[in-house]
Every structure is written in C-alpha cells, then in structure tokens.
**Q** 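The following block contains the structure, expressed as structure tokens.
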There are 2 protein chains.
Amino acid sequence: MAKQNTVFKDAFNRCLKLLEQTANLPSEPELGTTLGVSRTTVRAILTRLEEVGLLTWEKRRKVVLRKPLAADYFPTEETDSLSEIIERSFMRRILAGGAEPGMQINELELAREIGIGTTSVREFLIRFSRFGLIEKRPNSHWVLKGFTRDFALELTEVREMFELRSATAFARLPEDHPAWRELDAIEAIHHAILADIENRYRDFSELDERFHLLVHRASKNRFIVDFYDVIAIVFHYHYQWNKTNARERNARALEEHLAYIAALRSRDPIEIELACRQHLKSARETLLQSIN
Amino acid sequence: MAKQNTVFKDAFNRCLKLLEQTANLPSEPELGTTLGVSRTTVRAILTRLEEVGLLTWEKRRKVVLRKPLAADYFPTEETDSLSEIIERSFMRRILAGGAEPGMQINELELAREIGIGTTSVREFLIRFSRFGLIEKRPNSHWVLKGFTRDFALELTEVREMFELRSATAFARLPEDHPAWRELDAIEAIHHAILADIENRYRDFSELDERFHLLVHRASKNRFIVDFYDVIAIVFHYHYQWNKTNARERNARALEEHLAYIAALRSRDPIEIELACRQHLKSARETLLQSIN
DNA sequence: GATCTGTCTATTGTCGATAAAAGACAAAAC
DNA sequence: GTTTTGTCTTTTATCGACAATAGACAGATC
C-alpha cells in the first residue's frame, strides 16, 4: 500500500448518493467538479460502476442500469483519510485513557497501534503540535502537555482577544457583504433548534462552529482565522466527551448566540462587546468544568 | 544516508572549543550534559578525538595531547541540521528569486534542488505552514501565499495585540522574578551597542529578538509565546535582506526599546502602552517599507 | 553508596520506492 | 470553437529500511 485510495472510495460513495436522486450522469470534467476530484478519479469511479453492474459506459453514453443498493457502498471505515483516523485515535488516547501530562509519546508505538507507517504518524504529530497539546524534544520523543486547566485558560484568553476584535470588525462590514446573509441563515437555524430543543440540542456543536468561524473570518486576518482551528478541535472533542447537562448548556448558549447576533446587527460596539464577553465567559466556564 | 550525523559533528566542534580553554575532560555523563547530547554521542566524540590524535582515552583516564587546530574542526556547512538547511534555502527562494504569490510549490523539485529526500521537505513544509506564508491543497501542491503587504499587516496586527497584553503582564511580575534581572542585562547591552553604534549596529537583530521574547514570555500563554516564532523568523530574514538605513533604523529602535524598558520599570499601564505602541508602530513601518 | 563505564536496545530522522491522484495535451465529438 | 475523451506524465501520500542518537541497566570504580 503506497497510498490509500480513500479519495476514490469516498468520491465513489458520494457518486452513488447522486445516483439515488438522478439517473443521469454528466460529463467527466463536470462530475469531477461536483465531487471535488480529478478526472483520473472520476474515470476510476465510472469503471467501478460498470464493474458492479450499475452502469454501461462508452465514451459519452452513460446509461444507469439500476438504483444503487446499500451493498454497493464502500464501508465508512474505508472512506476516512489516514489523517482523520490518526486524529481520532490520538484524541481518544489522550482524552480518554490515562494520559498524564508529561507522558512520552512514541511514534513507533502509535504507528503500530493504529496499524500504519511511522511517516504518517510523524506528519500528524508535526501538524498537531500547533494546537499546543504536545511538544517535541528534537532527536528524542514528543511530550504530552495535556489537556489541562492551564491549557484551557491560555486557549480562551487568546480566543477572547481574537473574537472581540473580529466581532468589532464584523460590525463594520458593508451592508451587502455576504456575511450578513450567512448570519441570517445561522440565526434561523438557532430558532429552529430552540423550537425543538429536546430533539435537536445535539445539533448545536456544528452550528456553534459555523457561527464563530463566520465571526472570526470578519477579522480578515489569517492568524486569527487559523487559530480558530485550535478552538474548533478542542470544542469538537469536548462536546463528544462531556455530555453532562448538554441540553441546558446548549439551550443557554443558543440564547446567548441570539443576543450576540442581535448586538452584531445593532453595530453598536458597546453592545457587541457586552454580548460577546457574556457568551465567551460561559463558554469558558463550560470548558473548565469539564476539566476539573 | 539514513540520518545525518550533524548532532555529532556540531557537538564535536563545541567540544574542541572547550578543549581550547581547558585541558581537562570531565566524565562522559557530565560532558554529555555540557554539550547537550547523549552519552552515545559523547563516546563517538571521544573516539574521534583519539583517532585524530588529540587525546588518549582509556576508561576514566583522558589525557589531552595537544591543542585543537583549525583543521580539526568539521566545516560549518556540515554541522547544520537538515531543517536549518531547508529553511535557509527555502527562505532565499521565496524572498529573493521571483516568487510570485500564488506560485505552486513542488516537493520533489525542492528536494532535488537542495539534494535531500522528499520526506524532509514535506515535514519542513508542514512545520513551516504555520507561519501563514504557504498553504496546502490536499492531494495536490502547496501554494505560496507570499511575503505580501497583507501578510505583514496581519502579522503586525496580532503582534500588537499580543505584545500589549504581554507588556501589561510583565509589569505585574513580582519584584524578585528573574525576568527583571534579564531586563537589566538586556538594557545594559542596549547602552553598550548605542555607545559604539557605528561598529555594533548589526548586533541589534539578535538583541531585538531576545528582548521581545522576554516580554512575550510574561504572558505565560503558550499561544502568545509560540506566535513569537512567526515574528522572529520574519524579522530575522527581513534584517538579512533589507539593509537600507540599517544603522539609523537600529539606533532609533534601540532608543525606543530603552523608553519601553523604562516604562516597564515604572509599572504604569498607561506609560507602558504608550511606549509599546510607539515602538511597534515604527517596527511595522520598517517592515512595510521593505515590502513596497 | 554514589558515580562512571561497557554494552545493549529502542527510537528518531532520512532515504528511495511505489500506488493513488492530479493534471497536461492532443485528438475526437459536439 | 468549445467541450469531451483518450493517453500519458508528474506529483503526492505512504511504506519499510537503516544509520544516528537517545536511553536503560548491570557491573566496575571511586
């Protein structure tokens, strides 16, 4: 195995989804754009579709023979890219299992445990190191700094600086900037979730990320936007792992978001600062609670 | 070549430096601590010292036979770690040669040009990507975003946020904190350089980094401290490459630093903010001038 | 009893090789 | 004349291998 073919498998599955709705396949370049892959991969997909009897394909003549069945899909485990697999596996280890701060991280051991080569693990660790949870000792091991209270405080300190500035910048966006329309859409989803909070409170996590990322983007500063990755990954795994009072916490956060959105619309710097601080304060408290 | 032996060569050279001063070598573990390498490397060094006739070595009995000569040293090109070589080579390419923003970066081409394997280049690019100058298109090439005016503005925006906060935190450090003594030392060097500015203005770059890093450390926030790497690398290469008016610019910056240091000592938040802003403003202007 | 040395093992850093995926270009089809 | 397909080349992602380096442990030396 030199390279995984997860791009192919994932795109193949998405192509099957398309086939469930329409029985017409467009040209190779167009299908490539739709699926976000190159023509090489599109052709691999078409070949496979022919092999499993879903399609006859000759030049421009593509005839769909039947609707895809569940068995036609590749299993989901096979469609995740290696880095996703490593990330999940690694986060589980350091969040769940006894992962003491100061612990050494062993590339070879990690690689063997996940069943992959060391190169991929190394590259993952290098990428991951910017999240501030691990640190390299050159020519020697990595050290786990751990998901500690200090980490959470340092993270939220920077987050608050960045988000206040971004929120202020947001208020200065011209009326016709697409961000305002996106804000409308996000607000509508907030109302929809709140209206059915019992069933939908779990949808908050994704919405939260979408909202805050929109705000951060208004800073038009790559360092601020990039830093949101750190926040996003921390909150992402935090939500997966700390479910106590999730319903109430999320309901409260949704309300705070609505106040925050209203403040942005008002374009009044003082109101914005108040609403933003209020929300970030409770986000910080939630995060800290889950640590101690 | 599986792994470079630059650690060995560099430590060997530093050991020769030691031998120029003293003719006594301590035990293996102690020498290891002094040189910052493992005993394995220390023993390799001792073996080599014996081979070139500088030493007789039997167990604890180490007898230095002669002073090291220039010819005993490994040439400096051989003591740089691969990542240093790649970094310099890469920075030269993107700062000097026609490096248009939007240009594609080719791993294989870079590797061949520097004469190293692709893995090292990949890892370098991944590490380097956090500086915001390049960006990865998965399964495809890297894109050079370039050392543009926008880059400089985004960088300095964050720098100013972080440094103001750090400077405020610095003023709150207890009187007996070692940072105050380090500040004294740094101030003394400022005076020394200013007193002989004609000859020593080139020493400013290193001092600048030392001073600002000290300030940033007071934030006790890993994200703020880590961000200083971005600033440092940018200014480091900037100083190497833009020498116009270097003497006057550095003299002015030294004076600003002294005012800034005095403000820190006063512990008055308003004075600190003034002095810090003043200095950061001219640092930004200097940087921007070199771009347009 | 603490420290040092000899010896051995474990781990990292780097390389070249290879399958997957991207992408270039000309001929073919509309 | 634009878009599509066939074919081919280039580049990335991943692996296993191996030298350099770190580090562990027991016996030797102070």
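Sequence lines set the chain letters: A, B, ... in the order given, protein chains first and strands last, and positions in each chain run from 1.
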**Q** Would you mind reading off the distance between B/Arg137 atom CZ and C/dA21 atom C1', rounded to a whole angstrom?
**A**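 Taking CZ of B/Arg137 and C1' of C/dA21, I get 16 Å after rounding.
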**Q** When you measure from the side chain of B/Ser219 to the backbone of B/His216, do you find a donor-acceptor pair of N or O atoms at a distance under 3.5 Å?
**A**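 Present.
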**Q** Assign A/Ile105 to base, sugar-phosphate, or nothing according to its heavy-atom contacts below 4.0 angstrom with the strands shown.
**A**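 If one applies the 4.0 Å heavy-atom cut-off, A/Ile105 turns out to touch the sugar-phosphate alone, with no base involved.
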**Q** What is the distance, rounded to the nearest whole Å, between atom CG of A/Leu125 and atom C1' of C/dG13?
**A** 14 Å
**Q** Are any of B/Ser38's side-chain N or O atoms less than 4.0 Å away from OP1 or OP2 of D/dA22?
**A**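 Yes.
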**Q** Reckon B/Thr119 has a side-chain N or O less than 4.0 Å from the OP1 or OP2 of C/dT14?
**A**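 Answer no for this pair, as no side-chain N or O of B/Thr119 is under 4.0 Å from OP1 or OP2.
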**Q** Which whole-number value in Å describes the distance from B/Lys3 NZ to C/dG16 P?
**A**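 In whole Å, C/dG16 P lies 17 Å from B/Lys3 NZ.
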**Q** Give a yes or no on whether a donor-acceptor pair under 3.5 Å exists between the nucleobase atoms of D/dG23, that is its base, and the side chain of A/Ser140.
**A** no
**Q** Can you find a side-chain donor-acceptor pair between B/Glu87 and B/Tyr237 that sits under 3.5 Å?
**A** yes
**Q** Would you kindly give the CH2-to-P distance between B/Trp142 and C/dG23, to the nearest whole Å?
**A** 15 Å
**Q** Would you say D/dT29 has OP1 or OP2 under 4.0 Å from some side-chain N or O of B/Lys59?
**A**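 Checking B/Lys59 against D/dT29: at least one side-chain N or O falls below 4.0 Å of OP1 or OP2.
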**Q** Got a donor-acceptor contact below 3.5 angstrom from the B/Ser89 side chain to the B/Ile85 backbone?
**A**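 It does not hold such a pair.
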**Q** What is the distance from CD of B/Glu28 to P of D/dT21, rounded to the nearest Å?
**A** 16 Å
**Q** B/Pro138 or A/Pro29: which one's nearest nucleotide on DNA chain D is closer to the 5' end?
**A** A/Pro29
**Q** Should the heavy atoms of other residues, nucleotides or ligands under 6.0 Å from CD of B/Glu20 be counted, would the total exceed 12?
**A**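 Buried by this count: over 12 neighbours within 6.0 Å.
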**Q** Taking only N and O in the side chain of B/Thr41, is any of them less than 4.0 Å away from OP1 or OP2 of D/dA22?
**A** yes
**Q** Does C/dT12 have its OP1 or OP2 closer than 4.0 Å to a side-chain nitrogen or oxygen of A/Asn139?
**A**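 Indeed not, no polar side-chain atom of A/Asn139 lies that close.
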**Q** Output the rounded distance in Å from CD (A/Gln104) to P (D/dA22).
**A**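 Computing the A/Gln104:CD to D/dA22:P distance gives 14 Å.
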**Q** Please say whether more than 12 non-hydrogen atoms of neighbouring residues, nucleotides or ligands are located less than 6.0 Å from CD in A/Glu78.
**A** yes
**Q** More 5' along DNA chain D: B/Thr118 or A/Arg60, using each one's nearest nucleotide?
**A**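 Checking each residue's closest nucleotide, the 5'-ward one belongs to A/Arg60.
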**Q** Could you tell me how far apart B/Ile45 (CD1) and D/dT21 (C1') are, to the nearest whole angstrom?
**A** 11 Å
**Q** Within the structure shown, what part of the strands sits under 4.0 Å from B/Ser27 by heavy-atom distance: base, sugar-phosphate, or nothing?
**A** sugar-phosphate
**Q** Rounded to the Å, how far apart are A/Lys136 NZ and D/dA22 P?
**A** 11 Å
**Q** Does C/dG23 have OP1 or OP2 sitting under 4.0 Å from an N or O in the side chain of A/Arg39?
**A**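 A/Arg39 to C/dG23 OP1/OP2: no side-chain N or O under 4.0 Å.
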**Q** Ignoring backbone atoms, establish whether A/Arg122 has a side-chain N or O less than 4.0 Å from OP1 or OP2 of C/dG13.
**A**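 The answer is yes; a side-chain N or O of A/Arg122 sits under 4.0 Å from OP1 or OP2.
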**Q** Tell me whether the OP1 or OP2 atom of D/dC15 has a side-chain N or O from A/Ser120 closer than 4.0 Å.
**A** yes
**Q** Tell me which of A/His141 and B/Val121 sits closer to the 5' end of DNA chain C, going by the nucleotide each one is nearest to.
**A**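 The residue closer to the strand's 5' end, by nearest nucleotide, is A/His141.
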**Q** Compare side-chain N and O positions of A/Asn5 against OP1 and OP2 of D/dT14 and report whether any pair is under 4.0 Å apart.
**A**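 No, no such contact exists.
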**Q** Less than 3.5 Å apart, any donor N or O on the side chain of B/Ser290 or B/His238 sitting next to an acceptor on the other?
**A**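 Per modelled atom types, B/Ser290 and B/His238 side chains form a pair under 3.5 Å.
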**Q** Using a 4.0 Å heavy-atom cut-off across all strands, classify A/Gln4 as base, sugar-phosphate, or nothing.
**A** sugar-phosphate
